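Right, one structure below, let's go through it.
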Amino acid sequence: QVQLVESGGGLVQAGGSLRLSCAASGGTFSIHIMGWFRQAPGKEREFVAAVSWSGGNTRYTDSVKGRFTISRDNAKNTVYLQMNNLKPEDTAVYYCAVGATYLLRTRQDNYDYWGQGTQVTVSS
């Protein structure tokens, strides 16, 4: 059983930056893909970014390309999401997710374990 603990959320003004972290523990040998999803109020949870086991391949949803960067440190079993030039529409609860697949999937059912979520609020 893998446990995921997110941190780094908060309140920031538009144009600002935040860095989210997600530390995995327990059964981490089964983790290949690591990703971030988000859920805004009244909306469904959506894919944000994913990174391969090596860290060499990444995938982003169009709305965050050029502003967000996903990375991972396998020695620390941690995935990061650097968020720059934040916009009010980025306001959401951000969830870390990991899975055994080797492919950079965007569907939620390709991920096996989820964190509890961290709130990101961007004021205009």
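What you see is a predicted model, and the numbers here were worked out from it, not measured in a lab.
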Taking only residues two or more places apart in sequence or in another chain, which ones pass side chain to side chain contact (heavy atoms under 4.5 Å, CB included) with [X]?
X: Lys65; answer: Tyr60, Asp62
X: Gln3; answer: Gln1, Ser25
X: Asp112; answer: Ala100
X: Ser7; answer: Ser21

Just jot down the ring pair (Phe, Tyr, Trp, His ring centres under 6.0 Å) partners of Tyr94, sequence neighbours excluded, or say none.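 By the ring pair (Phe, Tyr, Trp, His ring centres under 6.0 Å) rule, Tyr94 matches no residue at all.
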Taking only residues two or more places apart in sequence or in another chain, which ones pass ring pair (Phe, Tyr, Trp, His ring centres under 6.0 Å) with Tyr111?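 Counting only residues at least two positions away or on another chain, Tyr111 forms a ring pair (Phe, Tyr, Trp, His ring centres under 6.0 Å) with Phe37.
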Verify the distance criterion only: is there a donor paired with an acceptor across the side chains of Arg72 and Asn74 at less than 3.5 Å?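 Side chains of Arg72 and Asn74: pair found under 3.5 Å.
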Listed by chain and number, what are the salt bridge (Lys or Arg N to Asp or Glu O under 4.0 Å) partners of Arg105, not counting sequence neighbours?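 Salt bridge (Lys or Arg N to Asp or Glu O under 4.0 Å) list for Arg105, sorted by chain: empty.
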What residues form a salt bridge (Lys or Arg N to Asp or Glu O under 4.0 Å) with Glu46, not counting sequence neighbours?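 For Glu46, the residues satisfying salt bridge (Lys or Arg N to Asp or Glu O under 4.0 Å) (neighbours in sequence not counted) are Arg38.
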Point-to-point distance, once rounded to the nearest 0.5 Å, from CZ of Arg59 to CD1 of Ile70: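 It comes to 12.5 Å.
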What is the distance from atom CD of Gln108 to atom CZ of Phe47, rounded to the nearest 0.5 Å?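 The CZ atom of Phe47 is 11.0 Å from CD of Gln108, to the nearest 0.5 Å.
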Is any side-chain heavy atom of [Y] closer than 4.5 Å to one of [X]?
X: Phe68; Y: Thr61; value: no
X: Val48; Y: Leu81; value: yes
X: Asn77; Y: Ile31; value: no
X: Asp90; Y: Met83; value: no

Work out which heavy atom in Met34 is nearest to a heavy atom in Thr78; give both atom names and the distance.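 Smallest heavy-atom distance, with atoms named: CE-C, 4.3 Å.
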Distance-minimising heavy-atom pair for Gln119 and Val93: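 Nearest pair, atom of Gln119 first, then Val93: OE1-CG2, 3.2 Å.
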Check for me, please, whether [X] and [Y] land in the same ILVMFWY cluster - side-chain distances under 4.5 Å, paths through other members count.
X: Trp36; Y: Leu86; answer: yes
X: Val79; Y: Leu4; answer: yes
X: Tyr95; Y: Tyr113; answer: no
X: Val120; Y: Val64; answer: yes
X: Tyr80; Y: Val2; answer: no

Quick one: does any side-chain atom of Thr91 pair with a main-chain N or O of Val122 as donor and acceptor, under 3.5 Å?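 Judged by distance alone, yes, a pair lies under 3.5 Å.
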Test side-chain hydrogen bond (donor to acceptor under 3.5 Å, both in side chains) applied to Ser71 - qualifying residues, sequence neighbours left out: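 With sequence neighbours excluded, Ser71 shows a side-chain hydrogen bond (donor to acceptor under 3.5 Å, both in side chains) to no residue whatsoever.
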Can you list, pair by pair, the side-chain donor-acceptor contacts under 3.5 Å of residues 8-20, counting residues two or more places apart and other chains?
from, atom 1, to, atom 2, distance (Å)
Ser17, OG, Asn84, OD1, 2.9

Connected hydrophobic set around Tyr102, excluding itself, where side chains approach under 4.5 Å: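 Members besides Tyr102: none; it forms no cluster.
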Summary of disulfide (SG to SG under 2.5 Å) pairs that have at least one residue in residues 12-117, sequence neighbours excluded: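 For residues 12-117: Cys22-Cys96.
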